[in-house]
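Got a structure for you, questions after.
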Amino acid sequence: MKSKILVDYESFMCSVALLEDGVLKEFYVEDRDMERISGNIYKGRVVNVLPGLASAFVDIGKKKNGFLAAADMLENRTVLARSGQLPTHLSVEEGDYVLVQAVKEPTETKGPRLSANISIPGRYVVYMPTVDFIGVSNKITDEPTRERLIEFLDKSRPREGCGLIARTAAKDAHKSDILDEIKYFASMYDRILEKYAAAEGVERLSTDGDLIFRSVRDLLNSTVDEIVCNSAPIAERLKKYLKRNLASSVKVTVEDRTDILKKFGVLGEVENLLYSKVELESGGTLIIDHTEALTVIDVNTARYIGDSDREQTVFDINCEAARAIARQLRLRNIGGMVVIDFIDMQDPLHNEEVVEVLRRETSFDRMRTRVLPMTELGLVQMTRKKTGAEIGSILLQQCKACHGTAHVVSPNFLMRKIKSRLIDIFNDSVCTAAVVAVGQDMFERLSKSDWQLSFDGFDGKVVYIVSDAEVNENSFRISAKSGPILSVPNSAYLLA
């Protein structure tokens, strides 16, 4: 299997996609103005202690205080619990300062989830300076390899009482590379402690980095042979990063005059992720609905009629749905509790086989998943580790016209679609200018932003933005021009 990472950098948003044998498997996106705090380390101040819940609320400088639970761990919580390593109480009082790490993003109703057990992830290992534990990723199933890594990590601890977890990439790594990473993290933690001691109050001490380098770190494995980037400066930074992490054999290609998401078929697939309905190849469908507590997925036969054997027809579509669900969970970055309503089957063996297909497909997921047996009602409960925001929450926003009961495409994603269309237009050398008509809200947003930076390289091309009452906030209209004279209203905004 050959894998490719696409890095799409824009002035208003950036995204990273993982392709395996040309098929989109994972997609991550962040707006420029989005503040992601998961993985960040803070000096926080305890504002309220809840002894009955073995937890506390901690001020880390955000609008909502963070929630710190004694038993909240970052990596391999299940394994740590079995080993008796989870703490059961917090020895803090109101007004105390604590070293904490954000492990979950805040929501509209809740503050960020925090952990007092610092965890620093790298390419090969996760370094836990405050937890006395040695572990190996569940993705490494070969027992001799697991034993070899546990023995090696136990001998390689930089200090007594710290912990290490081998990540999947460690199974093919040289010992010297793993040791270098461990030493680097030990030194990083020492610097964090120095900053903690010097800070006079609440302060951020360390950040997990931006989306691009965080994603490349996590996605990079032995199957990745190329990174395609649309920004030359970002590509140079990636080359230095790969060299520093001894992965210089991975080719970095720059395509700054091409819409790489469109070229590799990603943009169209991402648009499909914004819909709750997923069409299966057989004609069946999935309906994906989100609530505050969980995600519900309903499997329907829809247009699929199969043959005369109903049981076999239902079994076939449930198996196809199980494979599609595993892929959708990864693509949409759906985390937390998931309940799947498969179509009822009469044969208990078919029920077991469908669950096994789901387990097998989710085993390829980098995020930790757990799939329970099917209930008598034909429901399957599963969990997937929650990291970051679900893609729909980034690329969609509440509709103002219906007071939030529906969603429209976010302004940044609409800008991304406009740019893709402009690239197509300007590939025709005859076209020298374009007029983009958008709704009033979108016009005001574009005229106040620095989005024109995204058009560096369109030498001699002119792009005007105009407001048009007939264009809704979910769309746009582009007129291509080729003559020397361009007629636009006085209110038009020169974008590039």
Side-chain angles (χ1 to χ4, degrees), residues 38-42 70-88 99-104 114-196 205-209 213-222 241 244-247 365-369 385 387:
S38 292
N40 292 354
I41 300 173
Y42 298 88
D72 196 20
M73 305 297 294
L74 274 173
E75 295 287 337
N76 280 353
R77 178 175 177 174
T78 302
V79 178
L80 289 166
R82 290 171 183 166
S83 67
Q85 297 294 324
L86 288 178
T88 56
L99 183 67
V100 292
Q101 184 170 39
V103 297
K104 287 185 180 179
L114 307 176
S115 174
N117 300 284
I118 307 303
S119 177
I120 305 176
R123 184 183 177 194
Y124 304 118
V125 298
V126 176
Y127 177 51
M128 301 183 297
T130 62
V131 181
D132 187 2
F133 179 78
I134 298 295
V136 177
S137 167
N138 292 330
K139 300 296 182 182
I140 301 177
T141 57
D142 179 60
E143 198 57 38
T145 302
R146 293 179 63 86
E147 293 176 358
R148 172 177 58 82
L149 286 171
I150 288 175
E151 181 181 1
F152 173 69
L153 292 182
D154 192 33
K155 295 178 179 178
S156 304
R157 300 192 204 211
R159 56 169 57 88
E160 186 178 350
C162 73
L164 294 165
I165 296 177
R167 305 192 74 179
T168 308
K171 67 178 180 179
D172 300 317
H174 295 293
K175 290 183 178 180
S176 59
D177 297 341
I178 299 176
L179 279 174
D180 287 344
E181 188 170 77
I182 293 172
K183 292 176 182 178
Y184 175 77
F185 287 151
S187 176
M188 177 191 295
Y189 184 65
D190 288 339
R191 293 194 298 271
I192 290 173
L193 292 180
E194 291 174 359
K195 292 178 67 174
Y196 178 87
L205 307 176
S206 175
T207 178
D208 197 30
F213 292 89
R214 189 173 67 245
S215 299
V216 169
R217 175 197 68 196
D218 293 338
L219 296 175
L220 203 60
N221 58 45
S222 58
Y241 173 83
R244 185 170 67 248
N245 287 274
L246 302 176
D365 196 336
R366 289 189 303 109
M367 300 300 139
R368 187 169 62 252
T369 60
K385 183 181 177 183
T387 56

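Quick note: residue numbers are just sequence positions, from 1. Just so it is clear, the model here is predicted, and its values are computed rather than measured.
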Are the side chain of Gln101 and the backbone of Gly39 linked by a donor-acceptor contact shorter than 3.5 Å?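 Side chain of Gln101 to backbone of Gly39: a pair is present.
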Angle between ring planes, Phe185 versus Tyr127, binned at 30° and 60°: parallel, tilted or perpendicular?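 If you compare the ring of Phe185 with that of Tyr127, the planes turn out parallel.
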Considering all heavy atoms of both residues, which atom of Thr145 and which atom of Lys171 are nearest to each other, and what is their separation? CG2-CB, 4.0 Å
Closest non-hydrogen atom pair between Val126 and Ser119, with its separation: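 Closest pair (atom of Val126, atom of Ser119, distance): CG1-OG, 2.9 Å.
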Quick check: do Arg366 and Leu219 have side-chain heavy atoms less than 4.5 Å from each other?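 Yes, close enough: below the 4.5 Å cut-off.
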Distance, nearest 0.5 Å, that separates CZ of Arg146 from OG1 of Thr141: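 One finds 8.0 Å between CZ of Arg146 and OG1 of Thr141.
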So, the side chain of Asn40 versus the backbone of Asp208: is there a donor-acceptor pair under 3.5 Å, distance only? yes
State the CG-OG distance between Leu220 and Ser215, to the nearest 0.5 angstrom. 11.5 Å
OH (Tyr42) and CG (Leu114) are apart, to the nearest 0.5 Å, by 9.0 Å
Check whether any side-chain N or O of Lys139 sits under 3.5 Å from a backbone N or O of Asp365 as a donor-acceptor pair, and report yes or no. yes
From Leu153 CG over to Leu179 CG, what is the distance, rounded to the nearest 0.5 angstrom?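 Rounded to the nearest 0.5 Å, the CG-CG separation comes out at 9.0 Å.
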Spatial distance of atom SG (Cys162) from atom CZ (Phe133) [nearest 0.5 Å]: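 Answer for the SG-CZ pair, Cys162 versus Phe133, is 13.0 Å.
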Please determine if Lys175 and Asp180 form a salt bridge, counting it only when a charged side-chain N lies under 4.0 Å from a carboxylate O.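 Salt bridge between Lys175 and Asp180, a charged N being under 4.0 Å from a carboxylate O: no.
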Nearest 0.5 angstrom please: Ile118 CD1 to Ile192 CD1, how far? 7.0 Å
Check Arg159 with Asp132, please: is the shortest side-chain N to carboxylate O separation under 4.0 Å?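 A salt bridge is absent here (no side-chain N lies under 4.0 Å from a carboxylate O).
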Should Ile41 and Val100 be marked as a side-chain contact (heavy atoms from CB on, under 4.5 Å) after you check the CA-CA gap, both sets of side-chain angles, and the distance that decides it? CA-CA 6 Å; Ile41 300 173; Val100 292; over 6 Å; no
Is Arg167 salt-bridged to Asp218, cutoff N-O under 4.0 Å?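 So Arg167 pairs with Asp218 through a salt bridge.
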Okay, side chain of Ser156, backbone of Phe152: is any donor-acceptor separation there less than 3.5 Å?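 Indeed, once roles are kept as given, a pair shorter than 3.5 Å links the two residues.
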Show, in sequence, the C-alpha distance, side-chain angles and deciding distance for Val136 and Ile165, and conclude whether the side-chain contact (heavy atoms from CB on, under 4.5 Å) test is met. CA-CA 5 Å; Val136 177; Ile165 296 177; 5.9 Å; no
Where the side chain of Lys385 meets the backbone of Met367, is there a donor-acceptor pair that is under 3.5 Å apart? no
Would you check if Leu193 and Leu99 make a side-chain contact, meaning some heavy-atom pair closer than 4.5 Å? yes
Check whether any side-chain heavy atom of Arg157 sits under 4.5 Å from a side-chain heavy atom of Ile134, and report yes or no.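 Yes; the side chains approach each other to less than 4.5 Å.
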Test item: Glu181 side-chain N/O and Tyr124 main-chain N/O as donor-acceptor pair under 3.5 Å: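 Side chain of Glu181 to backbone of Tyr124: a pair is present.
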Arg217 and Pro121, any side-chain heavy atoms less than 4.5 Å apart: yes
Heavy-atom count check: over 12 atoms from other residues, nucleotides or ligands less than 6.0 Å from Tyr184 OH? no
Can you name the nearest heavy-atom pair linking Thr130 to Asn117, along with the distance? OG1-CA, 3.5 Å
Nearest heavy-atom neighbours spanning Leu149 and Ala170: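 Scanning both residues, the minimum pair turns out to be CD2-O, 4.0 Å.
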